[in-house]
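Note on naming: letters A, B, ... go to the chains in the order of the sequence lines (proteins, then strands), and numbering restarts at 1 for each one. Source: prediction; values computed, not measured.
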There are 2 protein chains.
Amino acid sequence: MPRQVDYEDRRRRIAEAVCTLIARSGMEAVSLRDVAAQAGVSMGAVQRCFRTKQDMLLFALEHISQHVSERAEQRIAATSTPQAASTLLSHTLAELALLDEESKTQAQVWLAFVTHAPASEKLAAVLRDTYAKLHGLIAWLIRYGQDTREVPQHLDPDREAHTLLALADGLTAHVLAGHHAPATALAILQRHIDHLLEEASDRD
Amino acid sequence: MPRQVDYEDRRRRIAEAVCTLIARSGMEAVSLRDVAAQAGVSMGAVQRCFRTKQDMLLFALEHISQHVSERAEQRIAATSTPQAASTLLSHTLAELALLDEESKTQAQVWLAFVTHAPASEKLAAVLRDTYAKLHGLIAWLIRYGQDTREVPQHLDPDREAHTLLALADGLTAHVLAGHHAPATALAILQRHIDHLLEEASDRD
DNA sequence: CACGTTCTGATGCACTTGCATCGTATCCGG
DNA sequence: CCGGATACGATGCAAGTGCATCAGAACGTG
């Protein structure tokens, strides 16, 4: 048997290099040579890991999709001290909005892929799956909040989840565009959630 | 004097060619040759109009920014039969969300520029200006609605405008990503607006 | 009608791109 | 300790890139 290489690990390394470069100068501007240099491997190694550039980009998208989903899921699952459903909702959405400075790269990459989705069905498929998963997550949180009586019963969890998700993504874009500071975006998001919670105690 | 050429018109033609190509395959993937072919002029003509590729892209962004802003403003100004403030608000936002099929290209281009804004201060500046203008427009509409008593007085127009704008942009992204059909996105947007309007008649 | 100015589009050029190739270094089972 | 399978990285290659250049066409003016 030949020399052993942890391919999964290398693929992940390369994927992160790809993300770094995408954030720096756009999705089509990443070249195999630059990726190799950024990842600290040779060009040949990159070509061995991914048969084509498209494959590489697709893997990078799946990589960060998984990353984002996992962060949100862990935020929910690993909550040792049981939190109020409402704060859980706030924190999860804040995380999904990728507002903190460290997530900026991920936000840029995510948006780059969304932009190219209409031009590539494979990209679009990954994005649809991820969005569906995230929507399910948020809707579940809302239902949980309704169980604990923190969220008004008359709200439709699915509809509200759609609104929340779109709002979060829109704020992400606005922060990238420089229209909002991250803190401002967070405040807007929080205000909308507060609105949902306190609203219509008269109808309940 | 030499042969007369309408440069403004040509620049606009080229800008639209650029947008078409950006929508087709991304922002860095547009080449001067392709732009020239798409616009039906020679490469030399393109180079005479724009000193550099960056200039060309920047002009294209300004072009569609103006296009989007103008559409929204006209929707408001040219309303011959005075409409209810609420429907005006709905229609304007629906237009800003670029949801109809013909606006898909513009949505893609817009998102492409947002994605690259962090990498180019000049792009970011144009985006900031446009967003500021749109925000002002929406806030104005809300205040107008408050004057006509259609919109609850206790709402902060600026805050609600921020939320609405972010929601619209988020829905645009979701449609591009294939997560929503345009009609669905429109419904979500409309529902949020309805919510704003009917809400809290008890507090007024 | 010719002049001179402006504009044009083809071509050149240096460079980068994605991908294929290939000799060599690296490892493991025997 | 060695045979052979495997991964490596350098190099090659055709295609495409942005931009510069330039001979000539196209025009308004004298």
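With values rounded to the nearest 0.5 angstrom, Leu88(B) atom CG is found 5.0 Å from Leu141(B) atom CG.
Between the CG atom of Leu32(B) and the C1' atom of dT17(D) there is a distance of 8 Å, rounded to whole Å. Here the C1' atom of nucleotide dC27(D) and the OH atom of Tyr7(B) are 13 Å apart, to the nearest Å. Taking atom CD1 on Ile14(B) and atom P on dG18(D), their separation rounds to 14 Å, with Å as the unit.
Listed candidates were dC19(C), dC7(C), dG9(C). Nearest to the side chain of Met43(A) is dC19(C).
Qualifying salt bridge (Lys or Arg N to Asp or Glu O under 4.0 Å) partners for Glu95(A), counting only residues two or more places apart in sequence or in other chains: Arg75(A).
Taking the six-membered ring for Trp and the full ring otherwise, the centers of His135(A) and His174(B) sit at least 6.0 Å from each other.
Contacts between residues 44-59 of chain A and DNA chain D, defined by a heavy-atom separation below 4.0 Å, involve Gly44(A), Ala45(A), Arg48(A), listed by number.
Judged by atom type and distance alone, Arg33(B) does not reach the base of dG16(D) through any side-chain donor-acceptor pair under 3.5 Å.
Using a 3.5 Å distance cut-off with no hydrogens or angles, the side chains of Gln66(B) and Glu70(B) do pair a donor with an acceptor. Looking at Asp55(A) and Thr52(A), their side chains never bring a donor and an acceptor atom within 3.5 Å of each other.
A sub-4.0 Å separation between OP1 or OP2 of dG16(D) and a side-chain N or O of Ser31(B) is absent.
Val30(A) comes within 4.0 angstrom of sugar-phosphate atoms only, judged by non-hydrogen atoms across all strands, and of no base.
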query = Between Ser86(B) and Val151(B), is a side-chain contact (heavy atoms from CB on, under 4.5 Å) present by the stated rule, with each step listed?
reply = CA-CA 8 Å; Ser86(B) 57; Val151(B) 177; 6.0 Å; no
